[in-house]
Protein chains: 2
Amino acid sequence: MDYVVIAVNKTQRNFILKQAQAKCQSLGLRLTEKRQGVLEILLQTVEPLSAYELTDKYNKSTNSPILAMSVYRILEFLESVNLAHRIHSANKYIACKSLDGACHHHLSVILVCKSCHQIEEIDSVQEAAKHLFKAVESTGFSAANARLELPGLCNLCKAKLDK
Amino acid sequence: MDYVVIAVNKTQRNFILKQAQAKCQSLGLRLTEKRQGVLEILLQTVEPLSAYELTDKYNKSTNSPILAMSVYRILEFLESVNLAHRIHSANKYIACKSLDGACHHHLSVILVCKSCHQIEEIDSVQEAAKHLFKAVESTGFSAANARLELPGLCNLCKAKLDK
DNA sequence: CTCGATATGTTATATTATATCAACAGTTGA
DNA sequence: TCAACTGTTGATATAATATAACATATCGAG
């Protein structure tokens, strides 16, 4: 299985946005224009973005600008409904790009390349992750909604460094 | 197996410090007075500390004070030789309290309690962690020196919340 | 419409982290 | 012994990330 950086095309973005709308509605929450705008920028971007980078991008693409403060609040909202994830090791944020609308939040594994700083949220290690969670929970600790961030080197960077 | 917050007693601290000295020496590096001082504070403390908290504690316990800048540098050093770990999800730092002098850095799992913010570095899930790493590496990604941070609720806090 | 709740605007400030250059200490080798 | 080199720390400035607090605006239910 090949390792590729996730980039979603326009059709996919629209699909995810629609699902996001539906999800919020079903929760009795509002995916407002600004919230959707922020989510769109995250979806359009391959690398994770800091709140301030996100603010800049947002403001370049609109004529009703937003403040970083609001972006933080919006990110908090998006995270709370699992539409975006925070990458702690980088203090940056990504959209959840899972196309089936059900990113496996409880078990998701995020690979963080130390060299190119790109990120891949992978599903193919579900089983192993599940085992780890079970082992952890058997110690009495309740692992909640965890995304495992694994630092390392992606395929491409490894190839470059090997040269 | 019970979940307990790691606290090392004085004897254990001294033991770890001695090992740290030896480790640095064998690497041709110096565990200077300040570096050792910072490590000691971390070892004496159960909760993870921010660089600035660490600075304050240090300066309260000495008459040759230190600057936060230096603490950052020292933390970087301690991390580079695996005597301390950074908790990304909290932007704080802990000492590696493994008594056998060989914290399993490549596979270590850190439980972070969202409620009391205390931290437990556990060894008992080595096998499961190893499997996960293998699964990840089979995707072509080289996981490097990872500590997995798992957010959740520790035993004690869970009990409190259940009341 | 209007009231309450939610969302956003606005300003200020806290917290975390890095950059830069100078001073000093310890080691090495002539 | 002394000069040169390397690594460590001091000192100051500033950048980057994040939260607090309060005001205003907007949405939706009744």
Side-chain angles (χ1 to χ4, degrees), chain A residues 20-21 23-42 47-59 62-81 83-94 112 114 117 149, chain B residues 20-21 24-25 27-42 47-59 62-81 83-94 112 114 117 149:
Chain A
Q21 271 293 357
K23 184 176 199 177
C24 290
Q25 215 148 49
S26 79
L27 291 168
L29 300 170
R30 280 181 287 164
L31 188 62
T32 64
E33 203 173 341
K34 304 241 164 183
R35 287 172 176 174
Q36 175 160 338
V38 167
L39 180 56
E40 273 187 72
I41 305 241
L42 281 178
E47 332 83 63
L49 295 175
S50 78
Y52 284 85
E53 287 165 347
L54 192 41
T55 306
D56 288 348
K57 282 216 179 199
Y58 187 100
N59 289 336
T62 181
N63 44 14
S64 95
I66 201 173
L67 289 163
M69 180 69 249
S70 290
V71 171
Y72 274 105
R73 282 187 289 223
I74 288 172
L75 285 169
E76 191 182 5
F77 170 82
L78 293 175
E79 270 206 280
S80 75
V81 290
L83 290 170
H85 302 316
R86 178 170 176 182
I87 311 296
H88 282 109
S89 55
N91 291 326
K92 302 204 172 180
Y93 305 83
I94 57 172
V112 184
K114 284 181 176 183
H117 302 110
E149 295 175 25
Chain B
Q21 271 293 358
C24 289
Q25 215 148 49
L27 291 168
L29 301 170
R30 279 183 288 162
L31 189 62
T32 63
E33 203 173 340
K34 305 242 162 185
R35 286 173 176 173
Q36 176 161 337
V38 168
L39 180 56
E40 272 187 73
I41 305 243
L42 281 178
E47 332 84 63
L49 295 175
S50 78
Y52 284 85
E53 288 165 347
L54 193 41
T55 307
D56 289 346
K57 283 216 179 199
Y58 187 101
N59 288 336
T62 181
N63 44 13
S64 96
I66 199 174
L67 290 164
M69 181 69 252
S70 289
V71 171
Y72 273 104
R73 282 186 290 221
I74 288 172
L75 285 169
E76 192 182 14
F77 170 82
L78 293 175
E79 271 205 279
S80 75
V81 290
L83 290 171
H85 302 316
R86 177 169 176 183
I87 310 297
H88 281 109
S89 55
N91 292 325
K92 303 204 169 180
Y93 305 83
I94 57 173
V112 184
K114 284 180 174 182
H117 303 109
E149 295 175 25

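Below, chain A is the first sequence line, B the second, and so on; all start at residue 1.
- In this structure, the nucleotide among dT9(D), dT16(C), dA18(D) sitting nearest to the side chain of Asn91(B) is dT16(C).
- Side-chain proximity of Lys92(B) to the nucleotides dT8(C), dG10(D), dT16(C) is greatest for dT16(C).
- The listed nucleotides are dT16(C), dT10(C), dA7(C); the one nearest the side chain of Arg35(A) is dA7(C).
- Using a 4.0 Å heavy-atom criterion, one finds that Phe77(A) contacts no nucleic acid atom at all.
- Relative to the side chain of Ser70(B), the nucleotides dA7(C), dT17(D), dG10(D) differ in distance, and dG10(D) lies closest.
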Using side chain to side chain contact (heavy atoms under 4.5 Å, CB included), reason through Leu75(A) and Leu42(A) one step at a time and then give a plain yes or no. CA-CA 10 Å; Leu75(A) 285 169; Leu42(A) 281 178; 4.0 Å; yes
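- Following rounding to the nearest Å, Gln36(A) (CD) and dT8(C) (C1') show an atom-to-atom distance of 17 Å.
- Within a 6.0 Å radius of CD in Gln25(A), other residues, nucleotides and ligands contribute 12 heavy atoms or fewer.
- For Thr32(A), no side-chain nitrogen or oxygen approaches OP1 or OP2 of dC27(D) to under 4.0 Å.
- Under a 3.5 Å cut-off, the side chain of Arg86(B) and the backbone N or O of Glu79(B) do not form any donor-acceptor pair.
- For Leu29(A) and dT6(C), the CG to P distance is 10 Å, given to the nearest whole Å.
- For Leu78(B) and dT9(D), the CG to P distance is 10 Å, given to the nearest whole Å.
- The CD-C1' distance, from Glu53(A) to dA15(D), rounds to 13 Å in whole Å.
- In this model, the phosphate group of dA17(C) is approached by a side-chain N or O of Tyr93(B) to a distance below 4.0 Å at OP1 or OP2.
- One cannot find a donor-acceptor pair under 3.5 Å joining the base of dA15(D) and the side-chain atoms of Tyr52(A).
- A donor and an acceptor atom sit less than 3.5 Å apart, one in the side chain of Arg73(B) and one in the base of dG10(D).
- With rounding to whole Å, Leu67(B) atom CG is found 17 Å from dT16(C) atom P.
- By the 4.0 Å N-to-carboxylate-O rule, Lys92(A) lies close enough to Glu53(A) to be salt-bridged with it.
- At whole-Å resolution of the value, OH in Tyr72(B) and C1' in dG10(D) are 17 Å apart.
- The interatomic distance linking His88(A) (NE2) with dT16(C) (C1') rounds to 14 Å, in whole Å.
- Side-chain N or O atoms of Lys57(A) include none that pairs as donor or acceptor with a backbone N or O of Ile41(A) at under 3.5 Å.
- For the pair Asp56(A) CG and dA15(D) C1', the computed distance is 14 Å after rounding to whole Å.
- Along DNA chain C, the nucleotide closest to Arg30(B) and the one closest to Met69(B) are compared, and the more 5′ of them pairs with Met69(B).
- Within 4.0 Å (heavy atoms only), Ile66(B) reaches sugar-phosphate atoms of the nucleic acid but no base atom.
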